[in-house]
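Some notes on the structure that comes next.
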2 protein chains.
Amino acid sequence: MKNFHANGKCPIRDVLSRLGDKWSMLVLVTLEANGTMRFRDIHNAIADISQRMLTVTLRILEADGLVSRKVYAEVPPRVEYQLTRTGESLMPHIRTLVDWAMQHMPEIVESREGH
Amino acid sequence: MKNFHANGKCPIRDVLSRLGDKWSMLVLVTLEANGTMRFRDIHNAIADISQRMLTVTLRILEADGLVSRKVYAEVPPRVEYQLTRTGESLMPHIRTLVDWAMQHMPEIVESREGH
DNA sequence: CCGGATCCTGTAAGATACTG
DNA sequence: CAGTATCTTACAGGATCCGG
């Protein structure tokens with residue numbers, strides 16, 4: 001039987017721990033849709049994320065090399081975020097997932113109401 | 001600017017709240033790899049899931065119409081799970097995401113070590 | 001053997017206030 | 001403007017017992 005133990009090499013667990021949190025995909029999709037964005041722009045685009053969670057999420061995405069962070073030595077300060085090459089290469093796959101969700105959400109909602 | 005507010009119609013939030021939890025994708029992938037499985041089989045395939053969380057996850061997937069649940073009136077009891085049509089239609093998209101993860105994980109790990 | 005029900009806890013996430 | 005720091009809360013998830 002095929003199994004998926006947590007032996008440290010399971011790609012499903014990896015991708016989940018990266019993208020499965022509450023905000024990462026949303027930030028990635030927002031950045032893809034708008035290109036380069038400042039912190040405030042992202043915060044406005046995703047209204048109900050807290051400042052703290054946006055910072056945390058961006059730091060993780062930056063550490064993973066999916067998002068680049070550019071600080072300008074100005075007053076007032078300016079920080080710009082955008083997808084890296086690696087980040088961009090991920091987006092088509094997320095899009096197919098989102099397309100599937102849009103297509104099948106009606107039947108899922110219907111199924112859920114029967115339970 | 002394009003945004004993604006939680007107006008109840010955002011497909012990204014929908015797909016995330018469905019598949020973003022800790023175990024759903026793992027259960028789906030396990031069922032796809034092995035076909036029809038009993039509760040105990042799934043529990044063995046995913047060693048570190050608790051009995052409770054496997055029950056909860058299967059109930060959600062069943063309610064969403066992604067997994068079917070068949071109870072046999074036997075002693076000892078037997079319950080078989082398998083993917084529905086809808087569930088199967090989702091799997092190719094998950095697979096592309098997993099493939100991407102396998103391909104890019106080395107550079108992600110490397111990037112992470114630099115931070 | 002398959003799971004439901006209950007209780008409990010750690011971590012993720014929100015609110016708020018403050019700084020370079 | 002773009003964050004930190006701190007406190008607090010909510011919920012996911014684990015342990016355990018029980019029942020058909």
Side-chain angles (χ1 to χ4, degrees), chain A residues 1 4-6 10 12-13 16-28 30-31 34 36-64 67-82 115, chain B residues 1 4-6 10 12-28 30-31 34 36-64 67-82 115:
Chain A
M1 186 196 308
F4 299 90
H5 293 295
C10 178
I12 295 144
R13 305 210 179 209
L16 272 188
S17 64
R18 285 305 114 192
L19 308 174
D21 69 68
K22 196 173 178 181
W23 302 111
S24 292
M25 275 202 202
L26 222 44
V27 170
L28 290 173
T30 302
L31 279 174
N34 294 286
T36 301
M37 299 179 79
R38 303 180 60 166
F39 186 94
R40 180 68 37 185
D41 298 332
I42 305 175
H43 203 181
N44 288 337
I46 310 173
D48 57 339
I49 193 174
S50 69
Q51 204 172 34
R52 187 181 105 89
M53 282 293 90
L54 181 53
T55 302
V56 170
T57 303
L58 284 169
R59 287 289 183 281
I60 294 173
L61 293 175
E62 188 198 0
D64 285 358
V67 164
S68 69
R69 179 172 182 269
K70 195 170 183 181
V71 183
Y72 294 86
E74 301 175 357
V75 178
R78 181 159 56 106
V79 182
E80 288 182 348
Y81 296 92
Q82 63 178 338
H115 282 268
Chain B
M1 188 195 308
F4 300 91
H5 293 296
C10 177
I12 296 144
R13 304 208 179 208
D14 280 332
V15 75
L16 272 189
S17 63
R18 285 303 115 193
L19 307 174
D21 69 66
K22 196 172 177 180
W23 302 111
S24 292
M25 275 202 201
L26 222 45
V27 170
L28 290 174
T30 302
L31 280 174
N34 294 286
T36 302
M37 298 178 80
R38 304 179 59 168
F39 185 94
R40 182 65 40 182
D41 298 332
I42 305 175
H43 202 182
N44 288 337
I46 310 173
D48 58 340
I49 192 175
S50 69
Q51 203 172 36
R52 188 182 106 88
M53 288 323 295
L54 181 53
T55 302
V56 170
T57 302
L58 285 169
R59 286 289 182 282
I60 294 173
L61 293 175
E62 189 198 1
D64 285 358
V67 163
S68 70
R69 178 171 182 268
K70 196 171 182 182
V71 183
Y72 294 86
E74 300 175 357
V75 178
R78 183 159 55 104
V79 183
E80 289 183 347
Y81 297 91
Q82 62 178 340
H115 282 267

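For the numbers below, each heavy atom of this structure counts, side chains included, while hydrogens, waters and symmetry mates do not. Protein chains get the first letters and strands the later ones, always in sequence-line order, with residue 1 at the start of each.
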Check: So what does A:Y72 touch, heavy atoms closer than 4.0 Å: a base, only the sugar-phosphate, or nothing?
Finding: nothing

Notebook entry, point to check: Which heavy-atom pair separates B:A45 from B:T30 by the least distance, and what is that distance?
Noted result: CB-CG2, 3.6 Å

Next item on the list: List in chain and number order the residues that pass side chain to side chain contact (heavy atoms under 4.5 Å, CB included) with B:Q51, two or more places apart in sequence or in another chain; answer none if no residue qualifies.
Entry: B:F39, B:R40, B:H43

Note to self: Tell me every residue that passes salt bridge (charged side-chain N to carboxylate O under 4.0 Å, His left out) with A:D41, counting only those two or more places apart in sequence or in another chain.
What the structure shows: none

Note to self: List the residues meeting salt bridge (charged side-chain N to carboxylate O under 4.0 Å, His left out) with A:D64, not counting sequence neighbours, and say none if there are none.
What the structure shows: A:R18, B:R112

Check: Residues two or more places apart in sequence or in another chain: which of them pass side chain to side chain donor-acceptor pair (under 3.5 Å) with A:R69?
Finding: A:Y81

Side chains of [X] and [Y]: does their closest heavy-atom pair fall under 4.5 Å?
| X | Y | value |
| --- | --- | --- |
| A:W23 | B:L16 | no |
| A:P77 | A:V71 | no |
| A:T57 | A:L26 | no |

Note to self: Output the rounded distance in Å from CG (B:L58) to C1' (C:dG3).
What the structure shows: 11 Å

Any N/O pairs under 3.5 Å between the protein and nucleotides 14-20 of chain C? List them or say none.
{"from": "C:dG14", "atom 1": "OP1", "to": "A:K22", "atom 2": "NZ", "distance (Å)": "3.2"}

Notebook entry, point to check: Is B:R38 near enough to C:dC2 that one of its side-chain N or O atoms lies under 4.0 angstrom from OP1 or OP2?
Noted result: yes

Check: Does anyone know the first and last nucleotide of DNA chain D in reach of chain B, 5' to 3', at under 4.0 angstrom to a heavy atom?
Finding: D:dG13 to D:dG20

